[in-house]
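Since we're looking at a predicted model, the values are computed, not measured.
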Amino acid sequence: MERGKLITLEGVEGCGKSTQMKLLRAALEAEGKKVLTTAEPGGSLLGKELRRILKDSAGTKISPKAELYLFLADRAQHVEEVIRPALEKGLVVICDRFTDSTLAYQGYGRKLDLDLLKKLNKLATSGIEPDLTIVLDCEPGLGFERHRKKDDGSESCRFHQESLEFHDRIREGYKDLAAQEPERLSLIDASGNMEEVHESVRRACKEAGI
């Protein structure tokens with residue numbers, strides 16, 4: 001059986017990943033593709049417990065390195081329990097956040113060593129890489145405003161407590177990553193309405209042969 005495809009969605013807080021994931025899944029399923037949607041942290045049974053810790057904005061303070069290892073543990077279990085089996089069955093897997101989030105948030109945001117993070121990502125994923133990464137780009141301030149206006153029970157997290165400067169570094173990090181790997185990362189303007197953004201996402205998928 002032909003291996004499935006892994007699409008990952010990335011971006012700053014409130015960039016619209018959840019909405020675009022739903023629209024993309026519907027579009028791909030309409031074309032007859034079998035699709036699995038998942039997310040990090042929390043895509044596995046163990047990950048749900050780790051997500052509770054990582055998303056707790058009022059809980060115990062976590063050091064940058066401890067935060068990193070929790071995300072990597074979540075990813076390692078996620079790959080083995082969910083992503084790899086789905087790819088082996090030929091499914092298109094759409095994942096809300098993956099390895100590039102670690103580089104953007106813990107690397108550019110927390111200022112941890114990027115080369116080390118890349119090595120740790122490979123260890124956690126056993127070498128599995130996205131076939132396409134869509135980076136939804138918008139001003140962090142716009143993202144926070146969108147999140148504030150949402151009335152769908154969306155949870156807040158410790159990253160919402162960080163400074164705007166921190167989120168600006170993350171946005172610039174994503175831009176740097178997209179410039180370094182333009183064949184894999186598609187940088188899409190997410191400031192428009194959801195239909196316009198969806199059209200750009202579909203175009204990126206078609207260009208990637210998905």
Side-chain angles (χ1 to χ4, degrees), residues 4-28 31 33 35 37-41 71 75 83 92-115 117-118 120-122 125 128-147 150 154 157 159-160 162-210:
K5 299 291 186 180
L6 175 58
I7 303 171
T8 57
L9 297 175
E10 298 282 358
V12 299
E13 304 298 313
C15 66
K17 293 182 287 79
S18 298
T19 297
Q20 292 305 319
M21 174 183 279
K22 292 175 184 177
L23 293 173
L24 179 56
R25 176 174 187 162
L28 292 175
E31 294 175 355
K33 296 181 173 67
V35 181
T37 54
T38 187
E40 291 191 355
F71 275 114
R75 181 164 302 133
I83 294 177
V92 176
V93 178
I94 309 173
C95 187
D96 182 338
R97 298 203 180 284
F98 198 57
T99 50
D100 294 292
S101 277
T102 297
L103 299 179
Y105 278 73
Q106 280 70 51
Y108 290 87
R110 300 290 192 213
K111 300 183 179 180
L112 297 180
D113 182 79
L114 284 169
D115 289 334
L117 295 181
K118 290 176 182 178
L120 291 173
N121 267 336
K122 286 188 177 181
T125 64
I128 286 180
E129 296 182 354
D131 296 283
L132 171 65
T133 296
I134 295 169
V135 180
L136 300 175
D137 178 57
C138 71
E139 292 281 353
L142 174 60
F144 277 116
E145 181 65 14
R146 285 175 173 175
H147 191 277
K150 288 169 75 173
S154 298
C157 73
F159 292 122
H160 295 147
E162 296 291 345
S163 67
L164 189 58
E165 180 184 2
F166 173 81
H167 292 280
D168 283 336
R169 291 200 302 271
I170 291 170
R171 183 192 186 196
E172 292 308 310
Y174 277 124
K175 288 183 176 181
D176 283 349
L177 294 171
Q180 291 168 23
E181 293 188 71
E183 69 285 353
R184 176 176 69 85
L185 284 87
S186 178
L187 189 68
I188 290 175
D189 181 0
S191 61
N193 63 54
M194 66 179 185
E195 290 82 7
E196 292 171 340
V197 177
H198 174 61
E199 286 302 314
S200 296
V201 169
R202 290 295 296 120
R203 190 178 309 116
C205 289
K206 289 178 180 177
E207 290 175 354
I210 301 173

TODO: Would you give the length of the straight line joining atom OG1 of T133 to atom CG of L185, rounded to the nearest 0.5 angstrom?
DONE: 4.5 Å
Open item on the list: Could you report the tightest heavy-atom contact between L114 and G107, atom names first, then the distance?
Closed with: CD2-CA, 3.8 Å
- [ ] Decide side-chain contact (heavy atoms from CB on, under 4.5 Å) for T38 and D96; before the verdict, give the C-alpha distance in whole Å, the side-chain angles of both, and the deciding distance to 0.1 Å.
- [x] CA-CA 6 Å; T38 187; D96 182 338; over 6 Å; no
Task: Euclidean distance, E207 CD relative to S186 OG, rounded to 0.5 Å - done: 7.0 Å
Task: R184/E129 ion pair, N-O < 4.0 Å - done: no
Task: K33 side, atom NZ; I94 side, atom CD1 - distance, nearest 0.5 Å - done: 10.5 Å
Task: Face-on cation placement of R75 at F98 ring, 6.0 Å and 45° thresholds - done: yes
Open item on the list: Do E196 and H198 make a side-chain contact, defined as non-hydrogen atoms from C-beta onward lying under 4.5 Å apart?
Closed with: no
Task: D189: side chain to side chain contact (heavy atoms under 4.5 Å, CB included) partners, not counting sequence neighbours - done: S191
Open item on the list: Nearest 0.5 Å, please: how far is NE2 in H167 from CD in E139?
Closed with: 13.5 Å
TODO: Specify the closest pair of heavy atoms between G4 and D131, including all atoms of both residues, with the distance to one decimal.
DONE: O-OD2, 4.1 Å
TODO: Could you tell me whether the side chain of D137 and the main chain of I188 form a donor-acceptor pair under 3.5 Å?
DONE: no
- [ ] With sequence neighbours left out, write down each residue that passes ring-ring contact (aromatic ring centres under 6.0 Å, His included) with F71, or none if nothing qualifies.
- [x] none
Task: Pairwise side-chain contact, I170 with Y105, heavy-atom cut-off 4.5 Å (strictly under) - done: yes
TODO: Indicate whether the side chain of S101 and that of Y174 have a donor and an acceptor atom separated by less than 3.5 Å.
DONE: yes
Open item on the list: Can a donor-acceptor pair be found, under 3.5 Å and without considering hydrogens, that links the side chain of E31 to the backbone of L28?
Closed with: no
Task: For the student: nearest non-hydrogen atoms of C205 and L24, plus distance - done: SG-CD1, 3.8 Å
Task: salt bridge (Lys or Arg N to Asp or Glu O under 4.0 Å) against R97, all qualifying residues, sequence neighbours excluded - done: E10, E13
Task: Nearest-0.5 Å distance, CD of residue E181 to CG of residue D176 - done: 12.0 Å
- [ ] For P140 and D168, work out which heavy atoms get closest and say how close.
- [x] CG-OD1, 3.4 Å
Task: Heavy-atom closest pair, residues L103 and K118 - done: CD2-CG, 3.8 Å
- [ ] Nearest 0.5 Å please: distance from the CG atom of L132 over to the CD atom of E183.
- [x] 11.0 Å
- [ ] Measure the shortest side-chain to side-chain distance between K111 and Q106 over non-hydrogen atoms and say whether it is less than 4.5 angstrom.
- [x] no
Open item on the list: Just to verify, which of L136, V135, T8, I134 counts as forming a side chain to side chain contact (heavy atoms under 4.5 Å, CB included) with K17?
Closed with: L136
Task: Closest non-hydrogen atom pair, R171 against C138 - done: NE-O, 3.4 Å
TODO: Carefully, step by step, assess V93 and I7 under the rule side-chain contact (heavy atoms from CB on, under 4.5 Å).
DONE: CA-CA 6 Å; V93 178; I7 303 171; over 6 Å; no
Open item on the list: Salt bridge check, E172 against K175: does any charged N sit closer than 4.0 Å to a carboxylate O?
Closed with: yes
